[in-house]
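Chain naming here is simple, since letters A, B, ... match the order of the sequence lines and numbering starts at 1 in each. For the numbers below, each heavy atom of this structure counts, side chains included, while hydrogens, waters and symmetry mates do not.
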Amino acid sequence: MTERTLVQAVNAAMARAMAEDPAVLVVGEDVGTDGGVFRATEGLLGRFGPQRVIDTPLAEAGIAGLAVGLAAQGFRPVAEIQFTGFIYAALDQVVNHAARLRTRTRGRLTCPLVIRAPTGGGVRAPEHHSESPEAMFAHIPGLRVVVASSPARAFGLLLAAIRDPDPVLFLEPTRLYRAVREEVPDDAPPLPLDRAFVLREGTDATLVAWGGMVPEALAAAEALEKEDVSCEVIDLATLKPLDEETILASVARTGRLVVVQEAPLTAGFGAEVAARVAERGLMSLRAPVRRVTGWDTVMPLLRLEQRYIPSAARIAAAVRDAMAFA
Amino acid sequence: MTERTLVQAVNAAMARAMAEDPAVLVVGEDVGTDGGVFRATEGLLGRFGPQRVIDTPLAEAGIAGLAVGLAAQGFRPVAEIQFTGFIYAALDQVVNHAARLRTRTRGRLTCPLVIRAPTGGGVRAPEHHSESPEAMFAHIPGLRVVVASSPARAFGLLLAAIRDPDPVLFLEPTRLYRAVREEVPDDAPPLPLDRAFVLREGTDATLVAWGGMVPEALAAAEALEKEDVSCEVIDLATLKPLDEETILASVARTGRLVVVQEAPLTAGFGAEVAARVAERGLMSLRAPVRRVTGWDTVMPLLRLEQRYIPSAARIAAAVRDAMAFA
Amino acid sequence: METVVARFEIRHRRHLGPDGVPAGDLPAFARDPAELVALYRGMVRTRAFDQKAVALQRTGRLGTYASSLGQEAVAVGLAAAMRPDDVFVPAFREHGAQLWRGVTMRELLLYWGGDERGSNFAGPRQDFPVNVPVGSQAPHAAGVALAMRLHGEDRAVVCAFGDGATSKGDVAEALVFAGVWSLPVVFVVNNNQWAISVPRRAQTAAETLAQKAIAAGIPGMQVDGNDVIAVRDAVAEALARARSGGGATVVEAVTYRLGDHTTADDARRYRDDAEVSPHWREEPLPRLRTYLTSLGAWTKAQEDALLAQCRAEVDQAEADYLATPPQDLASIFDHTFAVLPAELARQKAEATGDEP
Amino acid sequence: METVVARFEIRHRRHLGPDGVPAGDLPAFARDPAELVALYRGMVRTRAFDQKAVALQRTGRLGTYASSLGQEAVAVGLAAAMRPDDVFVPAFREHGAQLWRGVTMRELLLYWGGDERGSNFAGPRQDFPVNVPVGSQAPHAAGVALAMRLHGEDRAVVCAFGDGATSKGDVAEALVFAGVWSLPVVFVVNNNQWAISVPRRAQTAAETLAQKAIAAGIPGMQVDGNDVIAVRDAVAEALARARSGGGATVVEAVTYRLGDHTTADDARRYRDDAEVSPHWREEPLPRLRTYLTSLGAWTKAQEDALLAQCRAEVDQAEADYLATPPQDLASIFDHTFAVLPAELARQKAEATGDEP
Ligand SMILES: Cc1ncc(C[n+]2csc(CCOP(=O)(O)OP(=O)(O)O)c2C)c(N)n1
Ligand SMILES: Cc1ncc(C[n+]2csc(CCOP(=O)(O)OP(=O)(O)O)c2C)c(N)n1
Ligand SMILES: [Mg+2]
Ligand SMILES: [Mg+2]
């Protein structure tokens, strides 16, 4: 038995990847002696040494650009950005370089890097520490975007992300870092980076969620079960490339779609899920699509954050609405 | 008669705003003597002087942050970012500061600034000069996002954006800068920043577009008219806040929705439009929603750019599909 | 053939060493014991506030908090050099400066307790709120300074950030702007020698952080950041130059972070006592107290009275903070824009249960 | 009390002035006329390429193009200092360096003509392609240099960018990384005195751009960027230091942009002939030709032959470029990821008319 929390699974995936491939490096602020502010890189410095676990100066654009240079030379850097609130400075490097180095050189130079970052709210963190900007990244051609939601999936997806020959943004909901423990053996296999996971089967409504919203969706499904409403719960896991088929197949069975996202409503990734169904699954829909999301306001400071983050109750209410419709 | 191209209309709106309000400043790279690389700020330096038209060092994050500081002191900076390809470095300042200064100080400090940038492809420009990242900005709470598509609307919307007490991202499709001339009097009124424009009425399908895609949508509508397909064409103009009602009212009449965006498909703003209709207009839909978009690839260099940018022909084909469905 | 085309030097200033004995003549303001007592009070008050905030966090009544233990001289010194109508653009560890400038303890507790109203200062209305994204406030300072310049005012800006922040591109860009336009702004580097777990030497190869200024063509200098007299003196000098059109300055204040990075940090993970303890002998409060005592300007009775007064003040602030009624959820919608857009009004109605 | 804690100076190096007369002893390599002839050829070849590219643009057969007219010594000098297995990380105006390192004229024309295959160099496979977002390539150079260091190689990186780029935060951050880890990288500032319409003095108050290095604790020096000997010499010296573990250097090469910013620019809008014409007397080609002629190492006949040869080469490149069959649309999909994801395959099928 190797029970692990999500953050321990992240740590184990990096350790495994580093042990298997000397090209894997870890870079970022406080990833060395400190082991990362969430302890995601704990022990890696001791095990792999300062040539492979590298504390950087405080400069996010520089970290991302450095990783591009390392990757172009054949390393597989895993760069940590301390919180998604500070990832914006790295965006230019991701859009204009990491995600297009392969295509702009027609394959001559490539960019096998992973940028990891804790994301989302719910841990009473300071200002700028609780945002969910995944949709911005999912719009970037050439980038894979993955959001972890359980220890086992975090392990398999991160392992796959590190092995992937292209750049991956890997987001880890802080709220789930220590929420549960799960059996995650050291030799667990990588998981595919283009597949959604059906976590619970159901017949009345499809709940699509990712990251920190997955446990909420599951809780809503559980509550609704008592009301004889049967929900299928899908964890997208990889937002890009999107596993549209799994969503469409589910909606074809249930006829109802509720998409849950912690980020603000407008232009969030939930819109993409809804749009795909409106394009290719419209005729399956028996009720309007519902999105349960954060509001189009700045994520509030900690006193009000629970009123911002979608809850199982709000999700369940949306499902009931959809059930009432038809 | 004061016929103006779109870029001249942009210039006239700035001149008008500057003449009316001494708090309005223009800042950016090459906005002074050069008058901007597209001539958008031509003549402003001569007319308003170097205290109000300020050439900056080459630093986009700095420009955006400078504008935040100026705005907090009561100025109304209009900052030019030379191309949207270089706007990413400014994103941190937009997300973490401009768009939240008001709410994080509960109204004590505010941020009445405009960031203008040319956007989109189609002018055989160099690498990184042809992207359409509006969706990323539309996801930011506290920011208005406006995309111009005609000289008259550019004038009225930019005037309104400069007068607005909150931050506005104002995008100008380079392809339209000199595409047409239109009567734009100096004293034309501002236009509302929360309203879409129905440019053409129709009964069979609703085409929703913005920016450089508006003329394509209109051309498609014209072509389809000859086939007795009547298209309503809506220019969103302001993506955020979104004028959902105009879209829903149109789809209620036509029963078909085709959304056109130049940006890559996934997580583009078209998804938001489709999602809103799937939520609140589902029962009006007589055919699946269609999105006609750029591909999920990096915008190619100039040789292939016309194969990337949605054309009137592709839009018309999508409408025909929708018509064939029901 | 080589010629020298530019020469630079970085000077370090100290007035009062750890032993509390002045090194040479003191600046004019420091010859008035009342001024020094005020600085001392400011530092003690800051320390009392820090202690209270940490205690509140430990008992679950405050969010993560960044104590300024040991760095009080930087915040108090820079604030004392400013005029009330100057603008302060802080990082997140300059509580002492905010308090000096009239931000209330209750406001600071509200902010760190997770309530946005804490940044709606009743006092210094134009000061920027706490800035968390490291270094990103530096361009704001340049913008505020440019505004002052365009208005022809003789006000100036002080912007503070840490040693870690000096690696951020934003800071470099802000210095470029401030330099090229000779803006009235003083950048104070609170060099507490650590950026979370990254020590100063791993942050940059630069011998001093003051020399960041050289890249932007502006003067830079270093001061003993545990000597409040030197901090105030250097910042005042830089502000005087700024006001008279002489442009920007970087002042590196060398101090030490005696505590954890924040209440969420455990510094023992990355530095040991042997590293920390010598710095306790250099911290700012005892040296000024020693000097004041040697002048006969400070007694044990005064010290006790001050401590009691600070305790009373922080206790009152705590009570006021805890008694503040919570914000409505509506507040997060109402402050997003000057006027609530229709679609946000719909969300507000949904969120607050008041369906339209 | 003040003490000086750090001193810096910036030196300027020139070997060959505008008159073509050496100022003192030349570096060892420059005592071999064959070496100098090679440098001269590299510059003439670059100029011929620039002329052809501009002509192609004017006739609609190339996209916007950035000529390096007058700045050939910077590109050729730095490239000549490099080893083939070093890595070059350019901006967009170092055609001379790319050509020297084996990028073909046809490849460059493809790139500037809007065809991605132009960046798939057959020659220097590890060199970075042209970089348009100003300054954003500097961190890549640090990353490549770190990779070399981690591999224990004695290779090194040369990264070029303009005077305008020195204001960008990315460049400052890259210098910090290069400094703190003593990375084997040389940053060459192509100071052509203009960033589009913004003159050097409006870009920064820094007296030299070499002093950007001081902020990062690395050596900086200035060279006459119109003296190809000085450029090569200074870069070679910096590379030698880099290879031997001595870390990074900033070399500011002072030159002048004799032409428009790009073919999309009209420099007469913002600078007049009086500003430009003195710089024609300083440009790099005549001075080296004069010197070579004075050595008896270069004749009119050789000059004519070289020009004819360059003309033939660029004409051939033009022909090859124009004869290159266009890319398939499929190419934009096939290179997005190593393996085409299912959803992108669907888009590819739709785009290429081959519905699934
Ligand atoms: C841009 C950014 N990156 C990372 C963080 C996380 N973080 C918070 S404080 C800090 C260290 C700051 O060091 P320094 O500038 O020296 O200030 P100090 O904390 O020592 O006062 C880091 C990395 C952040 N807040 N912002
Ligand atoms: C980040 C970014 N901002 C703006 C531009 C538009 N632009 C292209 S070149 C240039 C000036 C560059 O000046 P400099 O660095 O001196 O290089 P030079 O063109 O003189 O070689 C600008 C502003 C850009 N390409 N990238
Ligand atoms: Mg610090
Ligand atoms: Mg230049």
CG-CG distance between B:Asp296 and D:Leu344, expressed to the nearest 0.5 angstrom: 6.5 Å
Part of D:Asp328 lying under 4.5 Å from any heavy atom of chain B: backbone
B:Leu304/D:Ser331 under side-chain contact (heavy atoms from CB on, under 4.5 Å): CA gap, chis, key distance, verdict: CA-CA 10 Å; B:Leu304 289 172; D:Ser331 64; 4.0 Å; yes
Distance in Å, D:Arg346 CZ paired with B:Trp295 CH2, rounded so as to fall on 0.5 Å steps: 12.0 Å
Worked check of side-chain contact (heavy atoms from CB on, under 4.5 Å) between B:Arg124 and D:Thr64: CA-CA 8 Å; B:Arg124 297 173 54 86; D:Thr64 305; over 6 Å; no
Closest contact, heavy atoms only, D:Ser167 versus B:Ala59: O-CB, 3.7 Å
Closest non-hydrogen atom pair, D:Ile196 against B:Gln82: CD1-OE1, 3.5 Å
Interatomic spacing from CD in B:Glu29 to CD in D:Gln203 - rounded to 0.5 Å: 8.0 Å
Criterion side-chain contact (heavy atoms from CB on, under 4.5 Å) on B:Leu58 and D:Val198, from CA distance to verdict: CA-CA 9 Å; B:Leu58 205 170; D:Val198 177; over 6 Å; no
Which atoms of B:Phe83 approach chain D - backbone, side chain, both or neither, heavy atom under 4.5 Å: neither
side-chain contact (heavy atoms from CB on, under 4.5 Å) assessment of D:Leu329 paired with B:Tyr308: CA-CA 9 Å; D:Leu329 184 62; B:Tyr308 182 92; 6.0 Å; no
More than 12 heavy atoms from other groups under 6.0 Å of CG on D:Asp266: yes
Option that, when pairs with chain B are counted at under 4.5 Å, heavy atom only, ranks first among D:Pro133, D:Ser136, D:Gly164: D:Pro133
Flag if over 12 foreign heavy atoms under 6.0 Å of CZ, B:Arg320: yes
Close side-chain approach of B:Phe86 and D:Val132, heavy atoms under 4.5 Å: yes
Contact origin within D:Gln327 toward chain B - heavy atom pairs under 4.5 Å: both
Validation row: D:Asp115, B:Leu301 side chains within 4.5 angstrom (heavy atoms): no
Region of B:Thr266 that comes under 4.5 Å of a non-hydrogen atom in chain D: side chain
Straight-line distance of D:Glu343 CD to B:Leu265 CG, nearest 0.5 Å: 7.0 Å
Interface residue of largest heavy-atom contact number with chain D, from B:His129, B:Glu305, B:His128, under 4.5 Å: B:His128
Heavy-atom contact with chain B under 4.5 Å, split by part of D:Leu62: backbone
Side-chain donor/acceptor of B:Asp30 to backbone N/O of D:Ser197, under 3.5 Å: yes
Heavy-atom pair of closest approach, residues D:Lys168 and B:Ala89: NZ-CB, 3.7 Å
Interface residue of largest heavy-atom contact number with chain B, from D:Phe92, D:Tyr65, D:Phe333, D:Tyr270, under 4.5 Å: D:Phe333
Toward chain B, the part of D:Thr336 with a non-hydrogen atom under 4.5 Å: side chain
Heavy-atom check, side chain of D:Ile332 versus side chain of B:Val298, under 4.5 Å: no
salt_bridge(D:Glu116, B:Arg303) N-O dist < 4.0 Å: no
